[in-house]
Protein chains: 2
Amino acid sequence: MKATIYDVAKNAGVSIATVSKVINNNGRISDKTRKKVLKIMKDLDYQPSFAAAALTGKRTNTIGLLIPDLANPFFAEIARSIEDRGHELGVSVVMCSTDKNKEKEEKYVSLLVRKSVDGFILASGFSNVEVVEDLLKKKIPVAMIAQDVPTLLVDTLSVDDYKGGYLATVHLLSLEHKRIAVIGEVARSSDDRIRGYKEALQQSGHLVHDDYIVRSESSIEGGRKAADHLLNQSNPPTAIFACNDLLAIGVIQAVQARGLVVPNDVSIIGFDNTILATTSDPALTTIAQPIHEMGQFIMDLLIQEIEGKKTVKRRMLLLPELVVRNSTAKPSVSVEKQLT
Amino acid sequence: MKATIYDVAKNAGVSIATVSKVINNNGRISDKTRKKVLKIMKDLDYQPSFAAAALTGKRTNTIGLLIPDLANPFFAEIARSIEDRGHELGVSVVMCSTDKNKEKEEKYVSLLVRKSVDGFILASGFSNVEVVEDLLKKKIPVAMIAQDVPTLLVDTLSVDDYKGGYLATVHLLSLEHKRIAVIGEVARSSDDRIRGYKEALQQSGHLVHDDYIVRSESSIEGGRKAADHLLNQSNPPTAIFACNDLLAIGVIQAVQARGLVVPNDVSIIGFDNTILATTSDPALTTIAQPIHEMGQFIMDLLIQEIEGKKTVKRRMLLLPELVVRNSTAKPSVSVEKQLT
DNA sequence: CTGAAAGCGCTAACAA
DNA sequence: TTGTTAGCGCTTTCAG
């Protein structure tokens, strides 16, 4: 069977306590015994068991990551960057896709609690506030990414959605679009993006048109429908800001399905800058979230929390950036004339 | 602190053994005590600790999933379906992206072994054969998906790559293409797909042209370069079979960058049927892997292995299907003439 | 600097 | 049907 600490101790002619000390390298051990023990450990291919260590109260070096859907490129990319940072730090991450379903959220969290994970990263869309509060009550470290629930006292990292919406809209405005619509999902992040959109419009002296603000579920299909709705209006927009890339792809498809061309007839800007923005045709102008940094950062935040290195909760905003590709341009004159 | 089995036992006025029995519901317990214990468990919000159970040799209900890259849509989709099936069965999955890097593969596996995972699912691209053999020697259940290494005695599930390549090529042939090229990565699965490609060509009386077979790393960029290489030949192909969707996207981009149009000037077919095939323009004709079923299936296979329910190793092939979208069509006459 | 021993929370004989 | 008890592999005082 697998070697245990006893085997090592016996072979090295020391006690298990000594072995334990060299493993965790604490306590004072003479260089000689340390070397000897280390050698035996190698010879026996000894691997300390996490389960046993966890039982004595040590960390498991495992965290739970709850995201809405691993198959969604945005979350997959986030997950990957979290995982990478985790591995650098020696922590494994178990991933759970919740589909924004409260039952699943609760079930997965309680499962992971039983498995003694050291903490949780909750990603955008986590809706079950009671579960979070419960975790907090149990003093289990939690960090949230790409979502914040202001009522919760939790470390939070997100992109500045307001600013992102503002940037997107200013870009469209700078292209001289006058009729700009927005499609958002029903979520706080979209609310903020839409606030930014409104602000940009007002600042430049435009009216905010409620007909130009539409909500949709976050999917290609949703984007398609929302775009159709917009384009069917008597005075359709010449530019559409979709609050994420998935929606934007749907919008592109709807526009093209009408025989219109992007960006000449309708300009489209997305949000997230996932791989989808680079594979669509035309390539999508979008607001980039610094996904990689976000993953790293949230992991670091959580680890600090786990190690008890800090007590103040933090709420951090990272700045999004405009990435111009080919889905936005000045409105063509004909469209302008025809519709104004 | 958290309630333990002792707390429950005390409150219920029974022994911990009894509690243990109702938890695992084995042994004979009177209905009355069972109910009582259950109630106390609920009252105390008692959650059995997995770490402790694992220590006594029970399963951890956690498995490790090693994939090349979680940010790659194909693997993200696979991971999601594995995760789903896992949750149905009560097992969590910890994911590790290896980047096909042997050191990472080894490091992650040994980490997870220490964490006493019940088994591993290894996905395509896992190159470190010694690690697998080591696992096998330790009697740790392993299952491989979308990849098979014939020398290894392991449960294996993959799509019939040979047939997939055949299907793709036959589709192109049925569209009356004469000059069909293929782009594959350096991997067994691509080898098989290319074999299918050759077979289809030969069966229909075409010559296999070595200049039409090119290898590339699996990425959009790689697809782009390979396509350029192909299109620069004196007698360029009218159709290209890319061995995965990522490559196919790159091919589309390269073709379009030359001012040619897909599918009129060049037809393109991919492989995998990931989300990318639906977001590109034109939407990609591709060979679909039954990703969802594969995830479910491989999980079931592994679980059976873990439960010792079967001793014979299996190698299963699922059949791929052609999904026709808009990236393939008959070669336009002008192209035919110009080039033949 | 090193070791003995008491748990951590649970399972699984074996008794009763 | 229920309880006693001996571990599982490791950490951690506390002595030596």
Side-chain angles (χ1 to χ4, degrees), chain A residues 1-38 40-41 44-62 90 110-118 138, chain B residues 1-38 40-41 44-62 110-118 138 307:
Chain A
M1 263 309 284
K2 272 183 58 180
T4 74
I5 199 171
Y6 287 97
D7 301 321
V8 177
K10 195 181 305 168
N11 280 275
V14 298
S15 75
I16 60 167
T18 302
V19 177
S20 173
K21 279 168 194 153
V22 351
I23 292 170
N24 302 287
N25 83 76
N26 54 16
R28 352 217 101 271
I29 306 279
S30 73
D31 228 53
K32 215 177 75 199
T33 41
R34 170 188 312 286
K35 288 232 175 73
K36 187 171 51 187
V37 171
L38 250 17
I40 302 288
M41 284 181 18
L44 264 46
D45 191 25
Y46 166 71
Q47 311 273 92
S49 146
F50 271 93
L55 201 52
T56 70
K58 278 189 62 166
R59 293 168 41 189
T60 54
N61 288 297
T62 302
S110 102
L111 182 66
L112 293 183
V113 168
R114 287 183 52 191
K115 291 196 174 166
S116 318
V117 297
D118 297 329
K138 288 185 180 147
Chain B
M1 262 311 284
K2 271 183 56 179
T4 74
I5 199 172
Y6 288 97
D7 301 321
V8 177
K10 196 181 305 166
N11 280 274
V14 298
S15 76
I16 60 166
T18 303
V19 178
S20 174
K21 279 167 196 153
V22 351
I23 292 170
N24 302 288
N25 84 75
N26 53 17
R28 350 217 103 269
I29 307 279
S30 74
D31 228 52
K32 215 178 77 199
T33 41
R34 172 189 309 286
K35 289 232 174 72
K36 187 169 55 186
V37 171
L38 251 17
I40 302 288
M41 285 181 15
L44 265 46
D45 190 27
Y46 165 72
Q47 312 273 91
S49 147
F50 270 95
L55 201 51
T56 72
K58 278 190 62 165
R59 293 167 42 189
T60 53
N61 287 299
T62 302
S110 101
L111 182 66
L112 292 183
V113 168
R114 287 183 52 191
K115 291 196 175 165
S116 319
V117 295
D118 297 329
K138 289 185 181 146
E307 293 179 340

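Every chain is numbered from 1 and lettered A, B, ... according to where its sequence line falls, protein lines coming before strand lines.
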Side-chain atoms of A/Ile5 come closest, of C/dC1, C/dG3, D/dT11, to D/dT11
Can a side-chain donor-acceptor contact be found between A/Thr62 and A/Lys115 if the only test is distance below 3.5 angstrom? no
Nearest listed nucleotide, side chain of A/Ala53, among C/dG9, D/dT11, C/dG3: D/dT11
Nearest-nucleotide pick for B/Asn26, side chain only, options being C/dA12, C/dC1, C/dT11: C/dA12
Can you tell me if the side-chain N/O atoms of A/Thr18 get under 4.0 Å from OP1 or OP2 in C/dG3? yes
Please pick, from D/dT2, D/dT12, D/dC10, the nucleotide with the shortest atom-to-atom distance to any side-chain atom of A/Thr56. D/dC10
Is any side-chain nitrogen or oxygen of B/Thr33 closer than 4.0 Å to OP1 or OP2 of D/dT1? no
Under 3.5 Å donor-acceptor pair, B/Tyr6 side-chain atoms to C/dC8 base atoms: no
Side chain of B/Ser30 - closest among D/dT1, D/dC10, C/dA5: D/dT1
Compare the minimum distances between each of D/dT12, C/dC10, D/dG3 and the side chain of B/Lys21, then state the nucleotide with the smallest one. D/dG3
Please report, rounded to the nearest Å, how far the C1' atom of C/dG9 is from the NZ atom of A/Lys115. 17 Å
Establish whether the base of C/dG9 is bridged to the side chain of B/Lys2 by a donor-acceptor pair shorter than 3.5 Å. no
Please tell me which of the listed nucleotides, D/dT12, D/dG9, D/dG3, lies nearest to the side chain of A/Lys58? D/dT12
